[in-house]
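We use all heavy atoms of the structure for the numbers below, so side chains are in, but hydrogens, waters and symmetry mates are not.
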Amino acid sequence: MSLAKFLIKPACFLVVLISLDYLVGTAFRKIYFSQRVGQFSQTTYAVDSARHDIMIYGSSRAVRHYSPSIISKITGLTCYDSGRDGLMIPYSTAMEEISLSRHTPKLIILDISPRELGIDQSKYDKLSILLPYCNKHPELIKYVQEISPFEPYKLLSQTYPFNSSVFILATNVLFAKTVKKDDNGYLPLEGQMTKPEVDDYSLRMNKRYLKIKKRKDIPEEKAIRYFKTFLENSAKRHVKTLVVISPTVLRNPFYLDNQAVEKELLVKLTQQYPNVTFLDYSSDPHFNFRPEKFSDVFHLNKQGAEEFSNSIAHYIKAKLVNKI
């Protein structure tokens with residue numbers, strides 16, 4: 001058997017595989033970018049289209065705690081919430097970078113928790129949400145390389161960027177009417193905690209603290225660099241920036257989770273930038289130990305979010321509107 005005949009079957013298989021990858025990937029891409037509701041459509045809008053006066057970044061607490069409608073009504077400024085569930089400071093920095101390349105807002109709000117500066121690989125693994133956008137926005141590749149250094153090579157596949165999205169895409173297509181429509185990125189939570197639930201959470205956290213208080217947690221240098229990059233990006237464009245710890249059900253609970261060092265670091269770093277103001281609502285008595293304003297131990301419910309949005313909107317109107 002000649003070498004040519006020996007290689008023809010593998011070559012044909014490779015051609016079929018590449019063609020199939022292209023066809024399936026093209027179909028996934030079309031479905032993905034045709035989404036009109038849900039987290040993928042929100043991310044796509046934030047990446048490609050948002051040009052608002054106020055841009056909000058952060059994790060699920062950003063998504064659930066800030067009502068752009070309320071903020072816009074009080075301040076007279078347009079507002080978009082580009083936070084995303086489960087994503088942390090690397091994602092916020094990526095979204096800020098790509099947004100600033102298209103538009104300079106009047107005000108940036110970063111909702112952050114001290115734990116985002118701690119050691120946690122998941123905040124990098126979850127950057128896979130950016131994979132579908134790398135083809136159009138190659139500046140995002142450096143972020144997805146945090147997942148693994150091989151991501152740029154994997155992106156040669158047309159289907160790979162959508163591997164982790166298939167289930168949600170199928171759900172959105174099959175049950176489109178059940179997907180909640182967001183309010184400029186804002187998706188409030190319903191339900192209320194009870195006093196016994198808050199008391200139980202406080203008891204559990206205090207017991208946990210007794211076990212871990214001697215453990216010395218060290219902030220992660222890479223996460224700190226991402227936070228600094230976020231602040232430097234806004235400083236270069238002279239954009240007023242609010243770094244916010246939004247309300248918590250317990251009063252200043254971070255020491256209970258060995259996050260006091262990270263919180264002090266947040267304060268220290270923000271003080272280095274004259275365009276940045278740090279706001280800490282974690283000790284606000286209007287929210288601490290007020291179970292009726294929380295949906296769970298981490299998130300405000302709609303009632304609490306609307307009250308908080310009113311509060312921060314009035315702060316912006318009183319302190320910043322005439323300066324931006």
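Within 6.0 Å of atom OH in Y22, 12 or fewer heavy atoms from other residues, nucleotides or ligands are found, so the atom counts as exposed in its surroundings. Counting heavy atoms of neighbouring residues, nucleotides and ligands inside a 6.0 Å radius, atom CZ of R61 exceeds 12 of them. Atom NE2 of H286 is surrounded by 12 or fewer heavy atoms from other residues, nucleotides or ligands within 6.0 Å. The environment of K106 atom NZ is sparse: at most 12 non-hydrogen atoms of other residues, nucleotides or ligands sit within 6.0 angstrom. More than 12 heavy atoms of other residues, nucleotides or ligands lie within 6.0 Å of NZ in K154, so this atom counts as buried by the packing criterion. Other residues, nucleotides and ligands contribute only 12 or fewer heavy atoms inside 6.0 Å of the CZ atom of R251.
When atom types are taken as modelled, the side chain of H314 and the backbone of I74 share no donor-acceptor pair closer than 3.5 angstrom. Of the possible donor and acceptor atoms, none in the side chain of S202 sits under 3.5 Å from a partner among the backbone N and O of V198. R237 places no side-chain N or O within 3.5 Å of a backbone atom of A235 that could act as its donor or acceptor partner. Looking at E116, its side chain does come within 3.5 Å of a backbone N or O of S113 through a donor-acceptor pair. No donor-acceptor pair under 3.5 Å is formed between the side chain of T270 and the backbone N or O of T277. S295 places no side-chain N or O within donor-acceptor distance of the main-chain N or O of L300, the cut-off being under 3.5 Å. Panel note: side chain N275, backbone V239; a donor-acceptor pair is recorded below 3.5 Å. Remark: the backbone N or O of E292 is paired with a side-chain donor or acceptor of N301 at under 3.5 angstrom. Side chain of S309 to main chain of A305: a donor-acceptor pair is present (N/O by atom type, distance under 3.5 Å, no hydrogens or angles). Without hydrogens or angle criteria, D21 side chain to Q158 main chain gives a donor-acceptor distance under 3.5 Å.
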### Message
Set out, in order, the CA-CA distance, both residues' side-chain angles and the distance that settles ring pair (Phe, Tyr, Trp, His ring centres under 6.0 Å) for Y186 and Y66, then state yes or no.
### Response
CA-CA 6 Å; Y186 166 60; Y66 298 80; 8.9 Å; no

### Task
Kindly indicate, with the supporting measurements, whether the criterion ring pair (Phe, Tyr, Trp, His ring centres under 6.0 Å) is fulfilled by Y281 and F308.
CA-CA 9 Å; Y281 287 84; F308 171 62; 4.9 Å; yes

### Query
So S69 and S67, side chain to side chain donor-acceptor pair (under 3.5 Å) or not? Walk me through it.
CA-CA 5 Å; S69 293; S67 167; 4.7 Å; no

### Query
Would K263 and D280 satisfy side-chain contact (heavy atoms from CB on, under 4.5 Å), going step by step from the backbone distance to the final call?
CA-CA 10 Å; K263 184 180 177 184; D280 182 8; 2.7 Å; yes

### Query
So F33 and Y133, ring pair (Phe, Tyr, Trp, His ring centres under 6.0 Å) or not? Walk me through it.
CA-CA 10 Å; F33 287 104; Y133 305 95; 5.6 Å; yes

#### Entry: Steps toward side-chain contact (heavy atoms from CB on, under 4.5 Å) verdict (F162, I31)
CA-CA 10 Å; F162 306 98; I31 294 170; over 6 Å; no

### From CA spacing to verdict: side-chain contact (heavy atoms from CB on, under 4.5 Å), M88, D120
CA-CA 10 Å; M88 299 189 202; D120 182 0; 3.7 Å; yes

### Task
Take E96 and M55 through the side-chain contact (heavy atoms from CB on, under 4.5 Å) test and state the conclusion after the steps.
CA-CA 9 Å; E96 181 203 38; M55 291 295 296; over 6 Å; no

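The OG atom of S59 sits 9.0 Å away from the CG atom of L110 when rounded to the nearest 0.5 Å. For the atom pair OG1 (T93) and CG (N233), the distance works out to 7.5 Å, reported to the nearest 0.5 Å. With values rounded to the nearest 0.5 angstrom, F287 atom CZ is found 7.0 Å from F294 atom CZ. In this structure, D53 CG and T78 OG1 are separated by 3.5 Å, a value rounded to the nearest 0.5 Å. Rounding to the nearest 0.5 Å places CG of L265 at 4.5 Å from CD1 of I224. Once rounded to the nearest 0.5 Å, the distance linking CZ of F298 with CG of L189 reads 12.5 Å.
Cluster annotation: F230 and V63 are assigned to distinct hydrophobic clusters (Ile/Leu/Val/Met/Phe/Trp/Tyr, side-chain heavy-atom contacts under 4.5 Å, transitive). Hydrophobic clustering of Ile, Leu, Val, Met, Phe, Trp and Tyr side chains at less than 4.5 Å, counting indirect connections, keeps V261 apart from Y209. F40 and V47 fall within a single hydrophobic cluster, where Ile, Leu, Val, Met, Phe, Trp and Tyr side chains are chained together by heavy-atom contacts under 4.5 Å. Residue I54 is not grouped with residue I70 when hydrophobic side chains (ILVMFWY) are merged at heavy-atom distances under 4.5 angstrom, including chains of intermediate members. Taking hydrophobic clusters as Ile, Leu, Val, Met, Phe, Trp and Tyr residues chained together by side-chain heavy-atom distances below 4.5 Å, V267 shares a cluster with L117.
Between E262 and P219 the shortest side-chain heavy-atom distance falls below 4.5 Å. Between L231 and V243, the closest side-chain pair of non-hydrogen atoms falls below 4.5 Å. With a 4.5 Å cut-off on side-chain heavy atoms, P161 and L155 count as touching. L242 places a side-chain heavy atom less than 4.5 Å from the side chain of L320. In this structure, K268 and F278 have side chains that are not in contact, with every pair of non-hydrogen atoms separated by 4.5 Å or more. Counting heavy atoms from C-beta on, the side chains of L250 and F289 come closer than 4.5 Å. Contact check for I141 versus P152: side-chain heavy atoms found under the 4.5 Å cut-off. Annotation: side chain of K126 is not in contact with side chain of R84 (no heavy-atom distance under 4.5 Å).
A salt bridge between D85 and R64 is present, with a side-chain N of the basic residue lying under 4.0 Å from a carboxylate O of the acidic one. For K142 and E97, the salt-bridge test passes: some basic side-chain N is under 4.0 Å from an acidic carboxylate O.
The shortest non-hydrogen separation linking I108 to L100 is CD1-CD2, 4.4 Å. In plain terms, the two heavy atoms of P132 and R29 that are nearest each other are O-NH1, 3.4 Å. Across K180 and L187, no two heavy atoms sit closer than the pair CB-CD2, 4.0 Å. Heavy atoms only, all atoms of each residue included: A313 and I71 are closest at CB-CA, 3.8 Å. Summarising the geometry of P90 relative to K123, their closest heavy-atom pair is CD-CD, 3.9 Å, with the distance given to 0.1 Å. Shortest non-hydrogen contact noted between E151 and S148 is OE2-OG, 2.9 Å.
Using bins of under 30°, 30° to 60° and over 60° for the plane-to-plane angle, the ring pair Y80/Y45 lands in the tilted bin.
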